[in-house]
Amino acid sequence: MAYKDIYARWKQDPERFWMEAAEAIDWVEKPTKALFDANAPLYEWFSDGKVNACWNAVDRHVEAGRGDQIAIIHDSPITHTKRWISYFELRNRVALLAGALRAKGVEKGDRVIIYMPMVPEALEAMLACARLGAVHSVVFGGFAPHELAVRIDDCKPKAIIAASCGIEPGRVVHYKPLLDGALEAATHKPDFCVIFQREQEVARLEEGRDYNWHGFQYGAEPADCVPVEGNHPAYILYTSGTTGQPKGVVRPTAGHLVALNWSMKNLYNVDPGEVFWAASDVGWVVGHSYICYAPLVHGNTTVVFEGKPVGTPDAGTFWRVISEHKVKSFFTAPTAFRAIKREDPKGEFVKKYDLSGLRTLYLAGERADPDTINWAKAQLKVPVIDHWWQTETGWAITGIPAGIEEMDIKIGSSGVPMPGYDVQILDEAGDPVGPDTLGAVAVKLPLPPGTLQTLWNAEDRYRKSYLDHFPGYYETGDAGMIDEDGYLYIMARTDDVINVAGHRLSTGAMEEVLANHPDVAECAVIGVADDLKGQLPLGLLCLNNGVNRPEAEITRECVDMVRAEIGPVAAFKLAVVVDRLPKTRSGKILRATMVKISNGEDFKIPATIDDPAILDEIRIALRRIGYEKG
Ligand code: COA
Ligand code: AMP
């Protein structure tokens with residue numbers, strides 16, 4: 001069947017489409033129906049079924065006689081180590097960890113925060129939670145203690161599982177002191193912490209609170225899988241919104257399993273037993289869906305890669321991993337390719353490896369620029385598929401379903417809607433616009449299985465952020481257009497979220513930090529274009545009257561504050577002092593106009609601007625630090 005037929009089949013009878021897709025996973029009790037709409041516009045999927053995510057990701061492959069197949073390959077050029085873990089071993093390790101957690105009181109519905117680098121133990125911790133029906137919340141290692149504390153206070157975990165350290169090029173990231181700092185700052189205190197001690201650093205444990213990973217599990221009784229309702233939260237994953245308070249995306253269990261499993265063949269075109277690699281981090285949604293759950297549920301081998309595209313040790317690392325582990329489908333962010341291209345523009349490293357086993361490259365996380373796509377295509381000689389999705393959706397909204405058929409790929413487009421997504425472009429009034437017309441990208445409700453059910457402890461915020469603006473639709477926060485053939489083009493965000501090296505960051509959160517600097521009266525953070533990372537945050541600071549200190553000193557303190565409060569991942573290194581910020585007469589800061597100035601783009605002076613002369617002052621200030629490209 002062609003993509004068009006499959007999409008039409010879904011549209012004609014979504015209930016049947018998803019009940020059929022649900023046949024591919026194991027149920028303890030089958031659901032009687034797919035969609036539960038009694039609380040519309042809040043929808044649920046497969047709610048009256050009973051299921052376990054860990055069973056589907058691990059045990060069922062062992063039961064089916066595939067226990068010897070490799071489930072996880074850990075390839076860590078940064079520590080010069082490699083490990084292979086079979087499904088059988090994974091089942092035993094996860095059951096033991098789950099048993100130890102249960103013995104310490106972790107039960108279905110309890111939250112567990114996981115703060116770990118790219119080691120298999122991070123996946124094992126996620127799966128052990130899933131085994132018990134506990135709700136994990138993985139926090140990315142590049143976040144500072146304050147961000148971790150905010151998440152601890154929001155989801156109130158019973159336990160925290162962390163590693164002693166992570167390793168970044170040239171430095172050891174001391175996770176344990178970061179965790180201790182977060183625990184001190186947080187109001188909520190977990191019952192206990194489990195620390196995976198790495199050989200690069202053995203952390204100090206606090207008596208009575210912290211347990212060593214191995215000692216903690218010693219003598220534990222392995223735990224069986226606990227069946228949970230289809231709508232039971234599998235995990236909470238925090239993502240950036242417009243304010244400093246992150247949004248806790250709640251992922252329901254059954255829809256997640258059904259949709260991810262469907263996507264592995266239809267979109268990523270892999271069969272069980274083949275090797276799939278998503279070069280991301282378990283702290284992001286790509287890591288949750290495509291390093292951990294989807295490849296394992298589908299019976300693939302997943303690669304857990306601990307390194308960078310360049311510098312660990314060189315720009316050939318990705319090609320080595322692909323050829324050595326026989327990766328069939330590879331998924332990463334465009335920024336990784338830009339980093340490689342910058343170091344190895346002629347692709348000298350590519351020539352050193354046999355990449356004939358690779359079938360397709362998938363890009364997501366940020367806009368894929370045509371230069372990067374063309375370079376990747378020329379080097380790897382495989383189709384390059386840009387696909388678009390979000391933490392909230394958990395899997396692709398649009399893409400090119402390579403497992404269904406060989407469709408045309410249009411460079412600059414992130415593909416066509418996946419079954420389940422009725423994507424529309426709306427004008428300000430919420431009315432659909434015609435082809436090739438720019439507008440807000442929205443998805444007609446209900447969203448398909450696997451997407452967010454609500455925000456943790458914040459149903460009102462969920463409605464306000466996503467559902468209220470365009471009744472009957474989910475508002476994606478992206479702007480774009482759809483062409484005559486139904487291909488989507490994502491152009492920009494409609495809010496103050498920026499995308500730095502494929503990482504989604506809130507300018508509002510950075511502004512909240514900067515506003516706390518004693519000399520800063522007012523500030524704005526904008527995302528300026530960057531050749532490597534796509535965007536970089538840049539702070540514009542207005543100082544209090546009478547402040548007489550050198551500008552460089554103040555901007556350096558501001559840079560340090562953002563790193564300390566939000567973390568190195570914010571990549572906040574640019575700040576400039578200005579006298580005033582451009583505003584509308586009602587006081588709204590004109591951030592989008594400043595972005596256009598910094599990028600050297602044409603723009604209309606907003607009719608509502610209070611004083612147009614300020615724009616020239618901004619231009620001069622940006623030019624002073626080399627960020628006015630006009
Ligand atoms: N723990 C602690 N610190 C981390 C971290 C982690 N897990 N991940 C990143 N950081 C730090 C980095 O060391 C860096 O610190 P620095 O300012 O001291 O140099 C900072 O956070 C910014 O990191 P990053 O934006 O990743 O920049 P980089 O210069 O280290 O690497 C790339 C640039 C392009 C190579 C890198 O961003 C990359 O590989 N991107 C791939 C995209 C990706 O994985 N996206 C995820 C979504 S699909
Ligand atoms: P995250 O929730 O971190 O996955 O970030 C989601 C956001 O990243 C989207 O709303 C887009 O703004 C952006 N994004 C993700 N994938 C793409 C893509 N393929 N093209 C353009 N933007 C993308």
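Atoms within each ligand, like the ligands themselves, are counted from 1 in listed order.
For ligand 2, the atoms closer than 4.0 angstrom to any heavy atom of T391 are 1 (P), 2 (O), 3 (O), 4 (O). Below 4.0 Å from some heavy atom of D386 lie the following atoms of ligand 2, by number and element: 18 (C), 19 (N). For ligand 1, the atoms lying closer than 4.0 Å to a non-hydrogen atom of G141 are 1 (N), 2 (C), 6 (C).
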- [ ] Would you sort out whether D530 and Q535 count as a side-chain contact (heavy atoms from CB on, under 4.5 Å), showing the intermediate values?
- [x] CA-CA 5 Å; D530 181 73; Q535 283 184 302; 5.9 Å; no
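Evaluated by nearest non-hydrogen atom to atom 29 (O) of ligand 1, the leading choice among K533, K308, E343, R342 is K533. Considering E366, R504, M491 only, the shortest heavy-atom separation from atom 3 (O) of ligand 2 involves R504.
By the definition of a contact as any protein heavy atom under 4.0 Å away, atom 4 (C) of ligand 1 is in contact. Distance check for atom 32 (C) of ligand 1: every protein heavy atom is found at 4.0 Å or beyond.
The two residues V270 and K328 have their closest heavy-atom pair at CG1-CB, 4.0 Å. Heavy-atom minimum distance, V500 versus A571: CG1-CB, 4.0 Å. Contact between G394 and S289 at its shortest, heavy atoms only, is O-OG, 2.7 Å. Between L514 and C558 the shortest heavy-atom distance is CD2-CB, 3.6 Å. Considering all non-hydrogen atoms of both residues, A278 and V286 come closest at CB-CG1, 4.2 Å.
Only the side chain of D478 comes within 4.0 Å of ligand 2, judged by heavy-atom distances. For R493, every heavy-atom contact with ligand 2 shorter than 4.0 Å involves the side chain, none the backbone. Heavy atoms of V497 found under 4.0 angstrom from ligand 2: none, in either backbone or side chain. Neither the backbone nor the side chain of A278 comes within 4.0 Å of ligand 1, counting heavy atoms alone.
Because its NZ or CZ atom is both nearer than 6.0 Å to the ring centre of F143 and within 45° of the ring axis, R151 counts as a cation-pi partner of that residue.
F318 and F330 have their aromatic ring centers within a separation under 6.0 angstrom. Side-chain rings of W389 and Y421 stay apart, their centers remaining 6.0 Å or farther from each other. You'll find the ring centres of H256 and Y235 inside the 6.0 Å limit.
Not a single N or O atom of T332, backbone or side chain, sits closer than 3.5 Å to an N or O atom of ligand 1. Among the atoms of G502, none of the N or O lies under 3.5 angstrom from an N or O of ligand 2. Looking at S280 next to ligand 1, no N or O pair under 3.5 Å apart turns up. Distances between N or O atoms of W284 and those of ligand 1 include no value under 3.5 Å.
A salt bridge links D75 with R320; the closest basic N to acidic carboxylate O contact falls under 4.0 Å.
Heavy-atom distances between G365 and ligand 1 stay at or above 4.0 Å for every pair. Using a non-hydrogen distance threshold of 4.0 Å, G477 does not register as a contact of ligand 2. Residue W389 places a heavy atom less than 4.0 Å from ligand 2.
Ranking protein heavy atoms by distance to atom 41 (C) of ligand 1, first place goes to T335 CG2, 3.8 Å.
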